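Heads up: the structure comes next, in structure tokens.
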Number of protein chains: 2
Amino acid sequence: MRTLKYAILGLLKRKPRTGYDIAKEFKAELGNFWRARHSQIYPELKRLLEEGLIEYEIEIAGETMEKKVYNLKPAGEKDLIDWLNTDEEMVPTAKDKFRLRMYFASNIKRERLIELLNSQLKQRQDKLAMLEAKMDEQDRDPEFGSKEFGDFLVLESAILREQAYVEWLERSIRRCYIAK
Amino acid sequence: MRTLKYAILGLLKRKPRTGYDIAKEFKAELGNFWRARHSQIYPELKRLLEEGLIEYEIEIAGETMEKKVYNLKPAGEKDLIDWLNTDEEMVPTAKDKFRLRMYFASNIKRERLIELLNSQLKQRQDKLAMLEAKMDEQDRDPEFGSKEFGDFLVLESAILREQAYVEWLERSIRRCYIAK
DNA sequence: AAGTTCATGTAATTGGTTACATGATTTC
DNA sequence: GAAATCATGTAACCAATTACATGAACTT
């Protein structure tokens, strides 16, 4: 599938970056839907280099520190565009350990279950608040074809996802109280 | 992490099953949040057996066909209950290839992007309709501590998730039309 | 001077998919 | 008789995490 490959190509299409920069992106908005650690990124960059999809230039930071600034080669750009234009089937399962646990909720004591749900609720609410704060800084009417357009789509997606999660947790807590 | 381990223990807590039965569960409602193929299930069962968490009895189906019907041993049940009661941090990323692609939407032509969004929308709407049909068959007021309680929680969760996805896709399609 | 962030890599292990392999049972 | 489903396993490979390893640059 090589999804990480395309995530990296896409980021490099936006602008040249180091492996470190790529890792940082996965900790930002993009990290809501894809993530990789540096231990996966550096080998993938090496492979993309060997495949002739990307190239790099050395930049010196400070006195001696060498940074490898990667950017797309034409073959890499073509590969990316082809992938972006493919109409794939929806992925059947986004795994979720907490919801798996809730499937077996009947084995948890009522008070404890409410605690667990509240703990998740708190975390999800915080996440949602953070995303909404980001949305406030965002261009609300991004131009088609601008990178802000993609930023907007994924941010809105993340917000809607978290809202649904919060709604579910709230309903579940209520249900814990009212259930026989 | 061994999440599959607990998914299996949880299923066996509900009732004794074969590996084949477990695989079937991952194709049903539970499959919305966790999934494993038989090639992962059988080795895991073997391991749980070695660890003394489960045991099995041979059942004969038809003339000669042997089924291994697994069930929980006390140690397995204890292990499961401990896991169910742990308050874990929320998982930071549920990977989504399509949303990753949309992050790079600026590299897709408008008409094609609308096609891709509509394709996903169709699939998600179908999925949602299927889930809602299941909800109609479901006990709307499950008793606390019954297995129906867990069934209800995850089904509602799946529905809310799909609704949010559909809402996002619809908004995104509209935005494609109105964006400069 | 100490702590954090920048910066790049490799090794070992775990988790998960795809493919290989076989055969009985049920349904049409 | 053919096709679908039931039933159990292994092997090879790919994806991802955790841990190991190092050192420069910046901030306090």
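Just so we're on the same page: letters track the sequence lines, and every chain starts at 1. These numbers were taken from a predicted model, which means no experiment stands behind them.
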B:R14-A:S106 side chain donor-acceptor pair, cut-off 3.5 Å: no

Sequence-distant partners of B:W168, ring-ring contact (aromatic ring centres under 6.0 Å, His included), two or more places apart: B:Y165

Residue list, salt bridge (charged side-chain N to carboxylate O under 4.0 Å, His left out) with B:D126, at least two apart or on another chain: B:K122

With B:R174 via side chain to side chain contact (heavy atoms under 4.5 Å, CB included) - residues at least two apart: B:E170, B:R171

Under the side chain to side chain contact (heavy atoms under 4.5 Å, CB included) test, residues paired with A:P142 that sit two or more places apart: A:D139, A:S146, A:E148, A:F149, A:F152, B:R175

Most 5' of B:D21 and A:E44 on DNA chain D, judged by nearest nucleotide: B:D21

Closest-nucleotide 5' rank along DNA chain D - winner of B:Y70 and A:T3: B:Y70

Between C:dT17 (P) and A:M1 (CE): distance, integer Å: 8 Å

Protein-nucleotide distance (A:K67, atom NZ; C:dT5, atom P), rounded to Å: 17 Å

Minimum heavy-atom distance B:I58-B:K68, with the two atoms named: CD1-CG, 4.0 Å

Stretch residues 22-43 of chain A: residues that reach within less than 4.0 Å of DNA chain C through a heavy atom: A:H38, A:S39, A:Y42

ring-ring contact (aromatic ring centres under 6.0 Å, His included) partners of residues 89-120 of chain A, not counting sequence neighbours, each pair once: none

ring-ring contact (aromatic ring centres under 6.0 Å, His included) partners of residues 48-80 of chain A, not counting sequence neighbours, each pair once: A:Y56-A:Y70

Contact pattern, 5' to 3', of nucleotides 23-28 of chain C - B, S or - by protein heavy atom under 4.0 Å: BSS---

B:W83 side chain near A:R101 side chain, heavy-atom distance below 4.5 Å: yes

Beyond-backbone contact of B:I159 with B:L128, side-chain heavy atoms, under 4.5 angstrom: yes

Hydrophobic cluster membership, A:L49 vs A:V69, 4.5 Å side-chain cutoff: no

DNA chain D contacts made by residues 84-97 of chain B, counting heavy atoms under 4.0 Å: B:K95

Inter- and intrachain pairs under salt bridge (charged side-chain N to carboxylate O under 4.0 Å, His left out), touching residues 30-41 of chain B, at least two apart: none

Inter-axis angle, terminal five-pair segments of the helix from C:dA1-D:dT28 to C:dC28-D:dG1 [nearest 10°]: 40°

Start and end of the DNA chain D segment that chain A contacts, any atom under 4.0 Å from a heavy atom: D:dA15 to D:dA25

Heavy-atom donor-acceptor pair, A:Q138 side chain to A:E132 backbone, under 3.5 Å: no

Option from B:K73, B:R2, B:K46 for which salt bridge (Lys or Arg N to Asp or Glu O under 4.0 Å) with B:E51 holds: B:R2

